[in-house]
Amino acid sequence: GWAELQARDPEALAAFWQDPTGNAPPGGECFAMQIERVGAAIDRISARFADRDIACFSHGGTIRAACAHALCLPAPAAMAAAAG
């Protein structure tokens with residue numbers, strides 16, 4: 001949990017909380033990296049199944065990243081839209 005991350009790397013965890021869109025938590029990825037990873041997967045799957053309907057069931061963070069990719073939003077704007 002959070003206590004374990006705090007014990008492992010308190011500076012990285014503090015940086016993450018300062019900017020979770022651009023800084024990764026210890027052992028994780030930042031939201032900008034998630035948008036890149038999810039966007040690449042969406043583009044690859046969409047090309048493979050062109051002209052077909054596609055359904056994806058996923059975690060909320062991944063859905064948020066997919067929306068950011070679809071709307072061409074930078075990570076801070078996508079995170080702000082999700083919070084609002």
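In terms of heavy atoms, A68 sits closest to A78 at CB-CB, 3.4 Å.
Counting only residues at least two apart or on different chains, the salt bridge (Lys or Arg N to Asp or Glu O under 4.0 Å) pairs with a member in residues 15-36 are E29-R37. Listed by first and then second residue, the ring pair (Phe, Tyr, Trp, His ring centres under 6.0 Å) pairs that reach into residues 17-39 are W2-W17, sequence neighbours excluded.
For the atom pair CD (Q18) and CG (L13), the distance works out to 10.5 Å, reported to the nearest 0.5 Å. Distance CD/Q34 to OG1/T62: 4.5 Å, rounded to 0.5 Å.
Under the rule for a side chain to side chain contact (heavy atoms under 4.5 Å, CB included), the partners of P10 that lie at least two apart in sequence or sit in another chain are Q6.
Contact annotation: the side chain of D9 approaches that of E11 to within less than 4.5 Å [non-hydrogen atoms, C-beta and beyond].
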For residues 39-59, dump all side-chain donor-acceptor pairs below 3.5 Å to protein atoms at least two apart in sequence or in another chain.
from, atom 1, to, atom 2, distance (Å)
D43, OD1, H69, NE2, 2.9
S46, OG, I42, O, 2.8
H59, ND1, G61, N, 2.9

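Under a hydrophobic clustering in which Ile, Leu, Val, Met, Phe, Trp and Tyr are joined whenever their side-chain heavy atoms come within less than 4.5 Å, directly or via other members, L5 and F16 fall into the same cluster.
In the hydrophobic clustering (ILVMFWY side chains linked at under 4.5 Å, chained through shared members), I63 stands by itself.
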